[in-house]
Amino acid sequence: MPDNLLIDTALIPGVVSIFAAGLLWFIGGADRGYAAAAGAIGIGFITGYLVILGPPPAPPTASMQKLFYVVAVGVILGVLLDLMRPQPGVTRALGALAPLVIIGWFVWRRLFAIDWGHDWTLLIKVVGFAIVAGAILASLYRERGAAVESGVMILVAATGLAGLAFFGASAVVAQLSGTIAAGAVGLLLWNWPFSRHGFGAAGILGAGGALMGLAAILLFFSEANSLALVMLACVFLAAPMSERLAPGRGGFARAIRPFVLAAIATIPALVALGVALLGRGQ
């Protein structure tokens, strides 16, 4: 990877995420900032987007342009909500509904143009994506001191998505997926070996919105393998298994659990890449 591409995709978003997490934590204070800090991943993504693609037009027309506004609004709304400390059910409900809003904005013109008598494929993909992505985002919510779990899964999923984007002939999605991964690393540096933050609305709508937005672009606007994307979604099933393999609440267990989680989550990510590679050869 050329040096300037590495800087744009990883270094700049990662450094911005580190500072943003600290700033959001400081602004929110001990009682509220722990949840808002996860918005740093979305801020890192926005920074990387601007560096790689520049400012999008307003109003946006293409899905990639719309994604910038999806993440920007998600981060702002999420931080404000986290500072108000909503009930966990409210945050999870927003996560569950966010993919429906994203995909509706991305493909509504195509939905209205469907020949309902012959082509149900697009509708099935839209409904399936909204259900799966909504369940994933709702599951990302974590209370204080548990941000590392969601951060690791976001990191692995974003890295896997970058690989699928490569096989799906979408270099921009691959680069932007890298910015999400770099932002997740920035947040994780604050949370290891002792996790300090939670993963609230800012993380779900910012990082989650960016990840699901890029996945939607691959699914609906590229040659990416749909089955591979389904396999990649299994990354978010890894947390319960890591709890079983690295049980306990002691310092060593907490320090080692992120690595166990990353190893388990990497398995479906590698399977997804294998499916994409095999599908490419057919």
Side-chain angles (χ1 to χ4, degrees), residues 1-17 40-75 98-99 101-110 125-126 129 133 136 154-186 205-226 228-233 235 269 272-273 275-277 279-280:
M1 181 181 292
D3 291 343
N4 61 329
L5 185 58
L6 180 63
I7 292 172
D8 295 348
T9 303
L11 183 58
I12 294 177
V15 171
V16 168
S17 176
I41 302 177
I43 294 174
F45 172 84
I46 291 170
T47 304
Y49 185 106
L50 292 173
V51 171
I52 295 168
L53 297 178
T61 54
S63 58
M64 188 63 73
Q65 298 166 355
K66 294 176 182 178
L67 179 61
F68 175 88
Y69 294 99
V70 165
V71 179
V73 171
V75 170
V101 175
I102 293 170
I103 200 62
W105 194 23
F106 282 9
V107 303
W108 68 272
R109 293 183 184 274
R110 292 175 62 186
K125 290 172 70 173
V126 167
F129 177 86
I136 288 172
I154 288 286
L155 169 60
V156 175
T159 304
L161 192 66
L164 295 186
F166 174 78
F167 291 127
S170 181
V172 173
V173 173
Q175 287 180 260
L176 292 178
S177 296
T179 68
I180 299 175
V185 170
L205 300 180
L211 188 66
M212 295 308 159
L214 289 175
I217 290 172
L218 279 187
L219 181 61
F220 294 97
F221 302 102
S222 80
E223 300 175 359
N225 189 302
S226 299
L229 284 168
V230 173
M231 295 305 303
L232 185 63
V235 164
L273 292 175
V275 169
L277 181 59
R280 194 182 189 191

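Note that this is a predicted model, so its numbers are computed, not measured.
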Euclidean distance, [Y] [atom2] relative to [X] [atom1], rounded to 0.5 Å:
X: I103; Y: I217; atom1: CD1; atom2: CD1; answer: 9.0 Å
X: T179; Y: I43; atom1: OG1; atom2: CD1; answer: 13.0 Å
X: F167; Y: L218; atom1: CZ; atom2: CG; answer: 12.5 Å
X: I102; Y: M212; atom1: CD1; atom2: CE; answer: 8.5 Å
X: L211; Y: I41; atom1: CG; atom2: CD1; answer: 10.0 Å
X: F45; Y: S17; atom1: CZ; atom2: OG; answer: 13.0 Å

Do you know which two heavy atoms are closest between [X] and [Y], and how far apart they sit?
X: L273; Y: G160; answer: CD2-O, 3.8 Å
X: G44; Y: P13; answer: O-CB, 3.4 Å
X: A184; Y: I154; answer: CB-CG2, 4.1 Å
X: T159; Y: A181; answer: OG1-CB, 3.8 Å
X: M64; Y: V172; answer: CE-CG1, 3.8 Å
X: L67; Y: G213; answer: CD1-CA, 3.7 Å

Heavy-atom side-chain proximity of [X] to [Y] below 4.5 angstrom:
X: L229; Y: L161; result: yes
X: L155; Y: V185; result: yes
X: L205; Y: V75; result: no
X: S177; Y: F166; result: no
X: L53; Y: L176; result: yes

Item to complete: Taking atom CZ of F221 as the centre, report whether more than 12 heavy atoms of other residues, nucleotides or ligands fall under 6.0 Å from it.
Response: yes

Item to complete: With sequence neighbours left out, write down each residue that passes ring-ring contact (aromatic ring centres under 6.0 Å, His included) with F68, or none if nothing qualifies.
Response: Y49

Item to complete: Could you list the residues that satisfy side chain to side chain donor-acceptor pair (under 3.5 Å) with Q65, not counting sequence neighbours?
Response: T61

Discussion item. Taking the six-membered ring of F106 as reference, does the cationic atom of K66 (NZ for Lys, CZ for Arg) lie under 6.0 Å from its centre and within 45° of its axis?
Written reply: no

